[in-house]
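First comes the structure, then the notes that go with it.
Side chains included, hydrogens not; waters and symmetry mates left out as well; all remaining heavy atoms used. All chains are named by letter (A, B, ...) in the order of the sequence lines, taking the proteins before the strands, and each is independently numbered beginning at 1. Treat the numbers as computed from the prediction; the structure is a model and nothing was measured.
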Number of protein chains: 2
Amino acid sequence: MARKPADQSVNRETILHAAADVLRRNGYEATTMKDIASEVNLTAASLYHHFRNKDALLLAVLEGGLDHAISQIEPVVQSNKTPTEKLHEMARLHVLTLTSNTAVGAAMIFEIRPLMNLKADGRNGAHSYSDDFITKRDAFFQRREYFELLFRQVVKDGMTTGEFREVDIPIYTKSIIGANNWVAVWYKEGGRLSGQEIAELIADGAIRAVKSD
Amino acid sequence: MARKPADQSVNRETILHAAADVLRRNGYEATTMKDIASEVNLTAASLYHHFRNKDALLLAVLEGGLDHAISQIEPVVQSNKTPTEKLHEMARLHVLTLTSNTAVGAAMIFEIRPLMNLKADGRNGAHSYSDDFITKRDAFFQRREYFELLFRQVVKDGMTTGEFREVDIPIYTKSIIGANNWVAVWYKEGGRLSGQEIAELIADGAIRAVKSD
DNA sequence: AAAATAATCGAATATAGATTTAATTATATC
DNA sequence: GATATAATTAAATCTATATTCGATTATTTT
């Protein structure tokens with residue numbers, strides 16, 4: 001057996017989905033190429049036809065997740081709603097994103113640290129990361145800051161219009177995002193509340209925390 | 001060289017502190033015994049004199065962190081303050097715990113998943129976890145639930161007294177804890193605000209989210 | 001229907017990293 | 001001071017991966 005017939009063949013997207021799933025279960029470091037490969041009925045070796053290496057594969061998963069989240073939030077910021085409405089909708093969509101794709105959601109949280117603090121190898125014989133990987137990693141973090149910036153902007157606008165009280169913008173933005181992100185940690189499908197309901201409740205709380213008296 | 005003179009000798013506590021630090025930087029999976037050993041000028045082999053294995057060592061760090069957090073929160077719950085005061089103080093102390101010990105704080109977040117989803121080895125030749133480890137792991141999670149329960153109880157009390165609006169207790173508790181926990185992700189010493197200030201601000205937000213109108 | 005390209009695999013390579021073992025030296029106890 | 005125990009190490013072991021390589025078969029292009 002070598003190349004599989006067309007209908008059993010696997011494409012990049014399929015691999016990314018599977019990888020996200022494995023990542024959610026095991027985390028960055030504990031995820032093996034074999035784990036991912038098995039998920040799509042390939043061997044580890046075959047993955048290297050689709051991705052340069054493990055780093056590249058896993059980073060691609062995170063990029064996809066972040067892009068999706070941003071694509072949800074961005075239009076809301078640009079709409080002509082009030083800051084209150086915007087913030088509510090943004091928080092709601094953020095949580096919804098996390099509940100509907102827990103794989104990516106959890107990755108967005110748990111893989112940050114391994115990515116931030118790349119093992120300072122290089123001296124010892126360990127694999128040092130490719131330039132390409134570092135570049136993409138940095139771009140990922142910039143985009144992640146942009147995501148947060150979108151929230152900050154709306155909080156700021158709300159303070160300007162007087163809808164929001166005078167809060168410390170970075171702190172409150174991070175609090176809101178933190179509360180949202182935490183959902184990815186505990187949410188399990190089939191629980192008492194739907195993703196929709198949870199998103200709504202959490203968004204309500206976010207607004208309450210910043211609303212003027 | 002074999003046994004070092006008394007003043008260069010290392011004890012269990014010292015190792016745990018160092019381990020917490022390495023853990024914060026690298027995370028559970030990426031932390032090697034050598035990493036920890038170097039931090040206290042030992043060899044990896046020496047660690048096995050103090051701890052049965054890597055699992056036991058790392059779990060000990062988490063246990064210590066959680067115990068400390070609980071020891072901070074528990075007295076507040078048992079005090080005769082109002083629920084509003086209690087919740088504020090609990091959130092404040094929780095955040096303060098995280099900023100003053102970021103190592104443990106981050107561990108409490110990032111090591112949950114690797115611990116929850118232990119690689120389902122056993123079939124293949126991989127090391128399966130010792131019974132002792134599993135037992136301690138489970139105890140850790142139970143204690144972690146207890147920590148959350150303390151918050152839930154106060155939220156519930158606040159609803160009873162009417163100080164808090166009718167919120168969904170689990171969701172709001174998790175939101176508050178999530179916002180708090182997130183601090184461990186972004187907090188860096190020497191930033192614009194002190195841990196004290198940050199803790200205060202976040203606690204304010206937590207109260208606002210649940211306060212009655 | 002050749003020729004080129006894509007997708008896959010088994011097997012080989014290389015290595016890091018947990019754990020074990022046996023030896024060595026420092027403290028403690030008697 | 002002799003004996004036991006504690007702390008440490010270097011070296012060996014063993015295994016799980018990541019990654020590479022060459023061969024093989026399926027599509028696609030010409």
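Distance A:Phe51 CZ to C:dA7 C1': 14 Å, rounded to the nearest Å. Rounded to an integer number of Å, the gap from B:Asn41 CG to D:dT8 P is 11 Å. Going from atom NZ of B:Lys34 over to atom P of D:dA10 covers 11 Å, rounded to whole Å. For the pair B:His50 NE2 and D:dT8 C1', the computed distance is 8 Å after rounding to whole Å. Nucleotide D:dC21 holds its C1' atom 13 Å from the OH atom of A:Tyr48, rounded to whole Å. Atom NZ in B:Lys54 sits about 5 Å away from atom P in C:dA18, given to the nearest Å. Between A:Leu42 atom CG and C:dT8 atom C1' the separation is 7 Å, expressed in whole Å. The nearest whole Å value for the distance from the CD1 atom in A:Ile36 to the P atom in D:dT17 is 12 Å.
Of the inter-residue distances, the one linking A:Asp138 atom CG with A:Lys136 atom NZ reads 13.0 Å to the nearest 0.5 angstrom. Note: A:Arg137 CZ to A:Thr135 OG1 = 9.5 Å, rounded to the nearest 0.5 Å.
Among the nucleotides D:dT20, D:dT17, D:dA10, the one closest to the side chain of A:Thr32 is D:dT17. Among the nucleotides C:dT19, D:dT9, C:dC9, the one closest to any side-chain atom of B:Ala45 is D:dT9. For A:Ser46, whose side chain is taken as the heavy atoms from C-beta onward, the closest listed nucleotide among D:dA7, C:dT19, C:dC9 is C:dC9. Set against C:dC9, D:dA6, C:dA18, the side chain of A:Thr43 has C:dC9 as its closest nucleotide. Closest approach to the A:His49 side chain among D:dT20, D:dT8, C:dT8 is made by C:dT8 (side chain taken as heavy atoms from C-beta onward). Nearest nucleotide to the A:Met33 side chain, out of D:dA18, C:dA18, C:dC9: D:dA18. The side chain of A:Asn53 sits closest to D:dT19 out of D:dT9, D:dT19, D:dA6.
Listed by first then second residue, pairs satisfying salt bridge (charged side-chain N to carboxylate O under 4.0 Å, His left out) with a partner in residues 90-99 of chain B read B:Glu89-B:Arg92, not counting sequence neighbours.
Residues from residues 56-65 of chain B with heavy atoms under 4.0 angstrom of DNA chain D: there are none.
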Could you give the side-chain donor-acceptor pairs of residues 189-196 of chain A under 3.5 Å, partners two or more places apart or in another chain?
residue: A:Arg192; atom: NH1; partner: B:Asp168; partner atom: OD2; Å: 2.8
residue: A:Arg192; atom: NH2; partner: B:Asp168; partner atom: OD1; Å: 2.8
residue: A:Arg192; atom: NH2; partner: B:Asp168; partner atom: OD2; Å: 3.3
residue: A:Ser194; atom: OG; partner: A:Gln196; partner atom: N; Å: 3.4
residue: A:Ser194; atom: OG; partner: A:Glu197; partner atom: N; Å: 3.1
residue: A:Ser194; atom: OG; partner: A:Glu197; partner atom: OE1; Å: 3.4

Which donor-acceptor pairs under 3.5 Å do the side chains of residues 56-73 of chain A make with protein atoms, sequence neighbours left out?
residue: A:Asp67; atom: OD1; partner: A:Arg143; partner atom: NE; Å: 2.6
residue: A:Asp67; atom: OD1; partner: A:Arg143; partner atom: NH2; Å: 3.2
residue: A:Ser71; atom: OG; partner: A:His68; partner atom: O; Å: 2.7

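Checked against ring pair (Phe, Tyr, Trp, His ring centres under 6.0 Å), B:Phe147 has the following partners two or more places apart in sequence or in another chain: B:His94, B:Phe151. For B:Ala45, the side-chain contact (heavy atoms from CB on, under 4.5 Å) criterion is met by B:Thr43, not counting sequence neighbours.
Contact annotation for A:Asn11: no contact, since no heavy-atom pair falls under 4.0 Å across all strands.
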